[in-house]
Amino acid sequence: MKKQVILLLLLLTAAMAFGQDGFGDIFGSEEAAETQKSVVLNGEIGFDYKSYLDDSWNSDKIFLPFTNLNLLFTTDSIPVEAKIRLTLEGNNLDTILTVGDIVSELSLRSFFSFGYLDLGLLKIEWGKGDGIHVIDPLNPLDQSNGISCDINEMKRSELMAKMNFYIGGNGLFEVVYKPYFHPVETASTGRWMVKDFTGFPSPPDTELPGYSQVAARLTSTIGIFDLGGMYYYGYMTEPGMKFIFTPTPLPTEIIFTKAQLFGLEAGWALGPFTFRTEGGYWLSEDREGMISHLYNDRAVWLAGFDFMIPGTTLFISVQEFGSYVVNFDSSNPLDMDTGMSYGDNAMTNSVIAAVEGSFYQDKMKIRMAGLYLFEANGYMILPTYTWNIKDDLELSVTGQIFGGDDEGPNPYYAWRNNDSISLNLKYIF
């Protein structure tokens, strides 16, 4: 990832240099090369102060200063748009930062008459769900510091190229190529660890051409309906494990399951309601479900709605999402699907809901969000209070509450002692 970021920085620097000088000399006179250029810098600076609640006044406390910068460079003679997002954060002044810690998003955009090209470290959101999706496979999730009700906050940027073609007046056809693959990231130590992987083999190097992926998505609007369909050829992000018996099971190799994802999505508004649906099918390389270290076929779905209560500032959102493992066999404890299930259930169902309201001339906002996983009785509750002190100064207080049964690799049970309260203050410029 470090080499990828450095390469992209060099490409962006070259693009900006050509935008100012190079192409004017090649393709036209000096007068023709005169362009309108602009550089816009904005972002935020502040701190997070988090206190866990598991050990009263002796609980862990974290002070986390941060800086987020967004740099936009544009020129009219060469339709190139460059975005750089810098994130700098650390628990103390002695934190050693890598390039990957600092550069969280880095992209180059070039426009054409028929569409536009995005290239770089990108975060792409596919699907009609509000903050969560089941047909959004391009960016792996980082769960090493817990989870959020907004899935985009946990996404890791990935190196990819995405060509976007205009279709008619309101359609878009997206084609994506990813040269490398990265799995879901979980904590291996500390309070956010779900399972102890001590003694397990190291994962394979997935930054190789053999792990490249392709995807495509077509979206359009027909009447009141926003419709879409997508296809992905790559890998499931959960790792699989090969075992040998000596005579007890001994893990020997981490394997990723090659698979294809077919998905459909729809969203539409009806009065004060907005409805959202997603459905997909993972077609695994282990179609018969006979290989223990590979995952079976899997159906996934999401359905929900949100609405604003008329005459009030209350906004309500409810979504249900889940999955069903095809050819599920609970008799084999070393089968990957069995090991990842909750109480040997082939199906999982979760509900995520939020209620939000503003007051004091919309300067203050209270939000109560939560997630409940039925099969493991797992839950997460996230209350939030936000105060816009000024247009450029914001204060927020956020809580996290976890709980659940000890069924399967249930993160809500593993994180039951991770309840916390956080204070965030940021200046926006």
Side-chain angles (χ1 to χ4, degrees), residues 1-20 22-23 35-44 66-89 97-127 133 136-142 150-166 172-182 185 206-207 211-217 219 230 232 234 237 428-429:
M1 182 61 70
K2 296 178 183 178
K3 293 181 179 179
Q4 299 170 27
V5 173
I6 293 173
L7 175 60
L8 286 169
L9 284 170
L10 293 174
L11 288 173
L12 286 176
T13 302
M16 292 181 182
F18 276 121
Q20 296 180 55
F23 286 131
T35 63
Q36 296 295 321
K37 298 180 288 291
S38 67
V39 177
V40 178
L41 176 66
N42 55 53
E44 56 191 29
F66 62 85
T67 302
N68 295 323
L69 301 177
N70 301 285
L71 176 64
L72 176 65
F73 173 86
T74 59
T75 173
D76 57 1
S77 65
I78 306 163
V80 173
E81 182 180 26
K83 294 181 180 179
I84 302 175
R85 178 174 173 83
L86 304 176
T87 301
L88 176 62
E89 56 184 32
L97 298 171
T98 66
V99 174
D101 294 324
I102 299 174
V103 181
S104 60
E105 288 185 72
L106 183 62
S107 64
L108 178 71
R109 173 169 289 184
S110 182
F111 292 93
F112 308 94
S113 60
F114 52 84
Y116 57 96
L117 171 68
D118 289 319
L119 174 66
L121 287 172
L122 304 174
K123 286 185 180 181
I124 296 176
E125 182 177 9
W126 281 1
H133 304 283
D136 187 22
L138 296 176
N139 295 95
L141 301 183
D142 182 359
D150 186 349
I151 199 170
N152 291 307
E153 294 182 2
M154 300 188 296
K155 283 186 175 182
R156 286 182 51 186
S157 298
E158 287 285 276
L159 181 63
M160 63 183 87
K162 182 164 78 81
M163 188 65 216
N164 308 271
F165 298 93
Y166 302 128
L172 186 68
F173 181 57
E174 305 165 72
V175 180
V176 178
Y177 172 72
K178 287 181 57 183
Y180 306 126
F181 166 77
H182 297 101
E185 186 173 335
T206 57
E207 292 191 354
Y211 283 94
S212 61
Q213 307 131 75
V214 294
R217 180 185 185 227
T219 54
M230 59 80 60
Y232 166 80
T237 58
I428 304 167
F429 58 90

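Using cut-offs of 30° and 60° on the angle between ring planes, the pair F181 and Y211 is parallel. The aromatic rings of F114 and F165 lie parallel to each other, with less than 30° between the two planes, well short of the 60° mark.
A 4.5 Å side-chain heavy-atom check between L71 and V39 finds at least one atom pair inside the cut-off. Proximity of T219 to F173: side-chain heavy atoms (C-beta onward) are nowhere separated by under 4.5 Å. No side-chain heavy atom of E105 sits under 4.5 Å from any side-chain heavy atom of N70. The shortest side-chain heavy-atom distance between L69 and F429 falls under the 4.5 Å cut-off. Looking only at side-chain heavy atoms (C-beta outward), S107 and D118 stay at 4.5 Å or farther from each other. The closest side-chain heavy-atom distance from L138 to W126 is below 4.5 Å. Using a 4.5 Å heavy-atom cutoff, the side chains of Y166 and Y116 are in contact. Contact check for P179 versus Q213: no side-chain heavy atoms found under the 4.5 Å cut-off.
Rounded to the nearest 0.5 angstrom, E44 CD and I428 CD1 are separated by 6.0 Å.
Between the side chain of K155 and the backbone N or O of P140, no donor-acceptor pair lies under 3.5 Å.
Between the side chains of E158 and N139, not a single donor N or O lies within less than 3.5 Å of an accepting N or O.
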**Study point:** side-chain contact (heavy atoms from CB on, under 4.5 Å) between Y177 and L159, worked out
**Key:** CA-CA 9 Å; Y177 172 72; L159 181 63; over 6 Å; no
Practice item. Show the numbers, then the answer: is there a side-chain contact (heavy atoms from CB on, under 4.5 Å) between K162 and V175? Key: CA-CA 6 Å; K162 182 164 78 81; V175 180; over 6 Å; no
Exercise for review: Determine, stepwise, if the pair H182 / E207 fulfils side-chain contact (heavy atoms from CB on, under 4.5 Å).
Suggested key: CA-CA 8 Å; H182 297 101; E207 292 191 354; 2.9 Å; yes
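Between I124 and M160, the closest heavy-atom pair is CD1-SD, 3.2 Å.
Considering only residues two or more places apart in sequence or on other chains, E185 meets the salt bridge (charged side-chain N to carboxylate O under 4.0 Å, His left out) condition with R156.
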